[in-house]
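Just so we're on the same page: letters track the sequence lines, and every chain starts at 1.
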Amino acid sequence: MQRQKIAAVLKNSAVGSELDVRGWVRTKRESKQGFAFVELNDGSCFASLQVVIDQSVPNYAELMQQLTTGASLRAIGELKASPAKGQTVELHAKSVQVYGTADAEKYPLQKKQHSFEFLREIAHLRSRTNTFGAIARVRNAVSSSIHNFFQSRGFLYLHAPIITTSDCEGAGQMFQVTTLDLAKLAHSKTDVDFTQDFFGKRASLTVSGQLEAETVACSVGDCYTFGPTFRAENSNTARHLAEFWMVEPEMPFYELTDNMQLAESFIRTTIREVLEHCPEDMAFFNQRIDTTILETLRNIVEHDFIRLPYTEAVDILQKCGQKFDYPVSWGIDLQSEHERYLTEQHFKQPVILFDYPRTLKPFYMRCNDDGKTVRAMDVLVPRVGEIIGGSQREERLDVLLSRMAECHLNPEEYWWYVDLRRYGTVPHAGFGLGLERLLLLLTGMANIRDVIPFPRTPKHAEF
RNA sequence: UCCCCGAUAGCUCAAUGGUAGAGCGAGCGGCUGUUAACCGCUAGGUUCUAGGUUCGAAUCCUAGUCGGGGAGCCA
């Protein structure tokens, strides 16, 4: 008999049909009268299927011993309308086969709520819980929606390299990649000779695919990367990971306003699609994780983002009368408290800040005519903060070279990047979106370590 | 990396210098078309680790490890 996923059973199967379902026991409610209710979950959807087992099922007594929380089974039976509240249909088992038991004395997941901190220690089992199953499905749905968004607009999916020898891509500390014998080198008195290393020079894990994406955008056109990204920063916060997933579109002939339009449309579209595709999971988040999440997301989907030049943001913050730990003045990098004030109190919706002071931003961002600012943009959202960072890129060769000099970068190291400005340069723009931060926004979860299956953070690479 | 807080039963927590407890979970029994089931009984502890103070330390001190909140770096 063909196995059916519970999602399909609950959606399509008619009462009276004969079914084969398989999954894991969430709970069992047993009556000594000779029947039991088993909640069976296979992860295909939020809901479990109630399986009714009575004494007509072979090996009933043995099954009652074996079917504890966490056990896996196959049940064959008839789908019937349920006479009780809580579910419309239920499976009346004719036979039950146990695949594997789960010792109730030792199985860590109990029939009760657990703290996220505890579940993080058993990340290999936590996706069997309501919350982490829902996160896995929403993460999948938003990933799918991201591809749909770009594919439907004719963007090319670009596989940017994971390993890079660009010494400094403008962001953060990098993880070094080497095949040199570090234990041996530790005893050596001489300097490391990287010509002996695998790539013949110092190599690292990528912190961004942007520079490569620019070259592809300036040839085959609109493109996007979507892959893992690595930062060796010693960041210990609920918003940072050492390994995270980033989406980086890059578009030729886009100026900053086009870039902002795309970023806004991107966020609103993916949120709308997740709300459409995962209604049960989202209802769960709204009920148990953050009771304002659906309202917040609908508000984002239905309203235009605020667009605010940095200079005006500084003005608002200085005049708002709010006391900040860090005083605001033109030229400072805005602190978390400032960003939160803008998105959570002043505007109460996402804000795109743009035209930042040149001194705060990397060399590749396009200089404005005022000589003070660059065409940078950050998309800030309530609760999560910065979710997108992007810019129009500097396409003028002379300006780019002088900016590199200003940032103490050697143009020879970036010869291929500079070449783009030498041969058929065009205005272009792009941005980077942190997938896990989008998931924080979507789910209402508070810690970024809980929206990626196996988080990597300083001192943590278990599983 | 910096500041603050914490670590006690499988989980969530109480006990503030004098015999280590509760709820949930688990086991057993009862009850019930149950569904965060319900009722009763039972078992379960090197109080994070290493030192120190004290007649006596879960409790006070020092160091470390890990966790949480905030900050920085940023996606």
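With rounding to whole Å, A:Leu109 atom CG is found 12 Å from B:U12 atom P. Nucleotide B:A75 holds its C1' atom 11 Å from the CG atom of A:Leu440, rounded to whole Å. Distance A:Gln287 CD to B:A36 P: 11 Å, rounded to the nearest Å. Per the geometry, CG belonging to A:Leu205 stands 19 Å off P belonging to B:C74, to the nearest Å. When the C1' atom of B:A71 is taken as reference, atom CD of A:Glu339 falls 13 Å away, rounded to whole Å. Rounding to whole angstrom units, CE of residue A:Met174 and C1' of B:C74 are separated by 14 Å. Taking atom CD1 of residue A:Ile448 and atom P of nucleotide B:A75, one finds them 12 Å apart after rounding to whole Å. Distance, A:Gln173 CD to B:G72 C1': 14 Å, rounded to whole Å.
Here, B:G23 and B:U32 have their C1' atoms 23 Å apart, quoted to the whole Å. On the C1' atoms, B:C31 is 8 Å away from B:C38, given to the nearest whole Å. Nucleotides B:G45 and B:A7 are separated by 15 Å at their C1' atoms, to the nearest Å. If you take atom C1' in B:C61 and the same atom in B:C74, they sit 40 Å apart, rounded to whole Å. Distance check on atom C1': B:U34 versus B:C39 gives 16 Å, rounded to whole Å. Comparing the P positions of B:C13 and B:U19 gives an interatomic distance of 25 Å, to the nearest angstrom. Between B:A22 and B:A15, the distance separating the two C1' atoms is 11 Å to the nearest Å. Distance noted for atom C1' between B:A58 and B:G18: 13 Å (whole Å).
Between the side chains of A:Thr373 and A:Asp355, no donor-acceptor pair is found at a separation under 3.5 Å.
Between A:Tyr107 and A:Pro83, the residue whose closest nucleotide on RNA chain B is further toward the 5' end is A:Tyr107. Between A:Gly432 and A:Ser82, the residue anchored closer to the 5' end of RNA chain B is A:Ser82, taking for each the nucleotide with the nearest heavy atom.
Aromatic ring pairs are classed by plane angle as parallel below 30°, tilted from 30° to 60° and perpendicular above 60°; the pair A:Phe226 and A:His147 is tilted. Taking the six-membered ring for Trp and thresholds of 30 and 60 degrees, A:Tyr341 and A:His346 have ring planes inclined between 30 and 60 degrees apart.
Within the 4.0 angstrom heavy-atom criterion, base atoms lie near A:Glu30. Within the nucleic acid shown, A:Glu243 has no heavy atom closer than 4.0 Å to any nucleic acid atom. Residue contacts shown for A:Leu241 include a base, since a base heavy atom lies under 4.0 Å away. Nucleic acid contact class of A:Tyr326 (heavy atoms, under 4.0 Å, all strands): sugar-phosphate only.
Under the stacking definition used here (centres under 5.5 Å, planes under 30°), the residue A:Phe244 qualifies as stacked on the base of B:A75.
For A:Lys94, the side chain to side chain donor-acceptor pair (under 3.5 Å) criterion is met by A:Glu18, not counting sequence neighbours. Partners of A:His124 according to the side chain to side chain donor-acceptor pair (under 3.5 Å) rule, which considers only residues two or more places apart in sequence or in another chain, do not exist here. A:Asn234 pairs by the side chain to side chain donor-acceptor pair (under 3.5 Å) definition with A:Asn236, not counting sequence neighbours. Remark: A:Thr215 engages no residue in a side chain to side chain donor-acceptor pair (under 3.5 Å) (not counting sequence neighbours). A search for ring pair (Phe, Tyr, Trp, His ring centres under 6.0 Å) contacts involving A:His277 returns nothing, not counting sequence neighbours. For A:Asp222, the side chain to side chain contact (heavy atoms under 4.5 Å, CB included) partners are A:Phe155, A:Met251, A:Pro252, A:Tyr254, not counting sequence neighbours.
In RNA chain B, consecutive stretches of 3 or more Watson-Crick or G-U wobble pairs with both distances under 3.5 Å are given as paired ranges: B:1-7 with B:65-71, B:10-13 with B:21-24, B:26-30 with B:38-42, B:48-52 with B:60-64.
Distances shorter than 4.0 Å separate none of the side-chain N or O atoms of A:Gln335 from OP1 or OP2 on B:A71.
Which of B:U12, B:A37, B:G33 sits closest to the side chain of A:Ser115 comes down to B:U12. Listed candidates were B:A75, B:U34, B:G72. Nearest to the side chain of A:Ser336 is B:G72. The side chain of A:Arg29 lies closest to B:A37, out of B:A37, B:G33, B:A75.
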Tabulated below should be each protein N or O lying under 3.5 Å from an N or O of nucleotides 25-29 of chain B; please produce it.
{"residue": "B:A26", "atom": "O2'", "partner": "A:Glu105", "partner atom": "OE1", "Å": "3.4"}
{"residue": "B:A26", "atom": "O2'", "partner": "A:Glu105", "partner atom": "OE2", "Å": "3.0"}

What does the list of N/O pairs under 3.5 Å between the protein and nucleotides 3-9 of chain B look like, with a distance for each?
none

Tabulated below should be each protein N or O lying under 3.5 Å from an N or O of nucleotides 63-69 of chain B; please produce it.
{"residue": "B:G67", "atom": "OP1", "partner": "A:His460", "partner atom": "ND1", "Å": "3.3"}
{"residue": "B:G67", "atom": "OP1", "partner": "A:His460", "partner atom": "NE2", "Å": "2.1"}
{"residue": "B:G67", "atom": "OP2", "partner": "A:His460", "partner atom": "NE2", "Å": "3.2"}
{"residue": "B:G68", "atom": "OP1", "partner": "A:Arg120", "partner atom": "NH1", "Å": "2.0"}
{"residue": "B:G68", "atom": "OP2", "partner": "A:Arg449", "partner atom": "NH1", "Å": "3.3"}

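Residue A:Gln113 places no side-chain atom within donor-acceptor reach of the base of B:U12, judged by atom type and a 3.5 Å distance cut-off alone. The base of B:C74 sits with one of its N or O atoms less than 3.5 Å from a complementary donor or acceptor on the side chain of A:Arg437.
Just one of A:His428, A:Gln392, A:Arg366 meets the side chain to side chain contact (heavy atoms under 4.5 Å, CB included) condition when paired with A:Glu255; it is A:Gln392.
Residue pairs meeting the salt bridge (charged side-chain N to carboxylate O under 4.0 Å, His left out) criterion with at least one member in residues 130-142 of chain A, sequence neighbours excluded, are A:Arg137-A:Asp281, A:Arg139-A:Glu436. A salt bridge (charged side-chain N to carboxylate O under 4.0 Å, His left out) check over residues 332-341 of chain A, counting only residues at least two apart or in different chains, returns the pairs A:Arg340-A:Glu344.
No side-chain heavy atom of A:Val15 sits less than 4.5 Å from a side-chain heavy atom of A:Glu90.
A donor-acceptor pair is defined here as one N or O able to donate and one able to accept, closer than 3.5 Å; such a pair exists between the side chain of A:Arg456 and the backbone of A:Glu462.
Stacking of A:Arg268 on the aromatic ring of A:Phe266 is not recorded, the 6.0 Å distance cut-off and the 45° axial limit not both being met.
Between A:Phe149 and A:Ser265, the closest heavy-atom pair is CE1-OG, 3.5 Å.
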